[in-house]
Amino acid sequence: MILKKRTKPRILKKYEALLPRLPPNFPRLADVRHEYNKNKKGYEGELDVDYHLKWLPHEYMILQDVCLKTQERTFQMDNLVITQQAITIVDVKNYNGRIIFDTILDQFTRDDGAIEMGFSHPIAQVELQRSNLQQWLLERNFPNIPIHYFIAISDPRTILKVEGDKEKIAKIVAHAATISKKIIDRNKRLSGHTALQDRKIGHATRKESTVFDKDILEAHGIKEKHLLPGVQCPACGVLGMRRVHTGWFCYKCQKKSRDAHTSALADYLLLVRPWITNSECMRFLKFNAKNVATRLLREYGLFYDKARRRWVQK
Ligand SMILES: [Zn+2]
């Protein structure tokens, strides 16, 4: 049973909004594109694993994309599976080519045909998630909960290689298609112990889970002034549609649109700040009529904060 469903991550939405708004000669454009691709690939891998996990028996509660806060830190997990026997963290990795776990040197490398790169160790990452989750449960009066973890390799073409202790890695890392069976097997071995308050834990987790967020402009050293303003043409993608009487007109492909400004406003609220003034609206959408700004912002569903003279989201 899916208790919390995955939606497109906020960070990925931010990258989608950011890329068309950076000038083509922006110095850090390649880094931004790299991060966008990484986030997109990660999300696609998570969706692939969702497909396999949904076949778990009904009493297995699945929470996708969980972000929790302990007193010290915020941590994020791709999947939690909660049963009366245990909680299982399923972390998703989407890699091309070949991945190598070296248990002797305690190293992890990825080899995609061209380069071998050392990555931060996936097992260390998920172990950290486990200790954070343990702490979170303790703070909510759920002590002594068994927490297991798996690393699901989402792409069936990825080749897994182990140097050293194969058995140890095989207990943790597997292709997505076999993860469900591994979770069920481990749960069966645990049955007979005192049953956990699985529903209570599941609902507390869902209730407290927040949206994982990050200031990506700051992360890439991008200032507000670097962002290209303008309404993007839904047909040809060009920025800077012209405001005409009934909507927007594209100077390049001649397409007309009534509501092309809504995605520009969404970009602004996502990337810049969660509120907007009339003058910022006119600057960002590139037109000059205060009454039109007021109308568009109201129609968009924003509310006017009179004291601060700005439009806010509900
Ligand atoms: Zn156009």
Side-chain angles (χ1 to χ4, degrees), residues 6-47 211 213-304 310-314:
R6 186 182 316 284
T7 53
K8 191 188 271 190
R10 191 172 165 86
I11 311 267
L12 179 56
K13 286 189 200 164
K14 283 187 171 182
Y15 278 108
E16 285 173 351
L18 175 61
L19 271 172
R21 295 196 176 273
L22 286 176
N25 59 353
F26 187 71
R28 285 175 293 268
L29 187 60
D31 293 342
V32 176
R33 213 168 259 144
H34 176 79
E35 280 303 308
Y36 161 70
N37 286 326
K38 207 170 92 182
N39 278 275
K40 183 166 171 278
K41 200 163 181 267
Y43 179 52
E44 287 164 357
E46 286 157 16
L47 294 177
V211 175
D213 201 5
K214 187 172 92 174
D215 187 342
I216 67 165
L217 297 192
E218 198 190 271
H220 293 282
I222 298 166
K223 300 267 178 281
E224 208 182 313
K225 63 175 185 211
H226 295 134
L227 299 179
L228 299 171
V231 170
Q232 193 173 26
C233 171
C236 74
V238 80
L239 268 180
M241 292 184 92
R242 268 205 310 271
R243 181 72 198 169
V244 290
H245 182 59
T246 51
W248 303 91
F249 176 74
C250 178
Y251 64 87
K252 201 174 164 202
C253 75
Q254 323 288 304
K255 163 107 180 159
K256 279 179 195 153
S257 164
R258 285 189 79 91
D259 58 2
H261 62 283
T262 56
S263 63
L265 285 173
D267 290 353
Y268 185 94
L269 297 166
L270 192 63
L271 288 172
V272 185
R273 56 183 68 84
W275 46 266
I276 190 166
T277 61
N278 270 328
S279 57
E280 270 291 273
C281 172
M282 289 187 284
R283 179 191 69 82
F284 200 70
L285 303 187
K286 290 174 116 173
F287 69 95
N288 202 354
K290 199 169 169 248
N291 60 327
V292 178
T294 299
R295 183 162 58 81
L296 295 183
L297 293 170
R298 182 171 294 132
E299 279 172 6
Y300 185 79
L302 299 177
F303 294 87
Y304 193 61
R310 64 197 197 185
W311 294 84
V312 294
Q313 285 165 303
K314 203 178 180 181

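Atoms within each ligand, like the ligands themselves, are counted from 1 in listed order.
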**Report entry** Pairwise salt bridge (Lys or Arg N to Asp or Glu O under 4.0 Å) hits with a residue in residues 230-259, at least two apart
**Finding:** none

Query - Ion pair check, K14 and D215, cut-off under 4.0 Å - result: no

**Report entry** Residues which pass salt bridge (Lys or Arg N to Asp or Glu O under 4.0 Å) with K38, listed by chain and number, not counting sequence neighbours
**Finding:** E35

Please tabulate, for the side chains in residues 228-240, all donor-acceptor contacts under 3.5 angstrom to protein atoms that are two or more places apart in sequence or on a different chain.
| unit_1 | atom_1 | unit_2 | atom_2 | d |
| --- | --- | --- | --- | --- |
| Q232 | NE2 | G237 | O | 3.0 |

Query raised in the report: What protein N/O/S atoms sit under 2.8 Å from the Zn ion (ligand 1), by chain and number?
Result: C233 SG, C236 SG, C250 SG, C253 SG

Report task. Give the ring-plane orientation class for Y15 versus Y36, where under 30° counts as parallel, over 60° as perpendicular and anything between as tilted. Result -> tilted

Report task. Answer yes if the side chains of R273 and Y268 hold a donor-acceptor pair under 3.5 Å, and no otherwise. Result -> yes

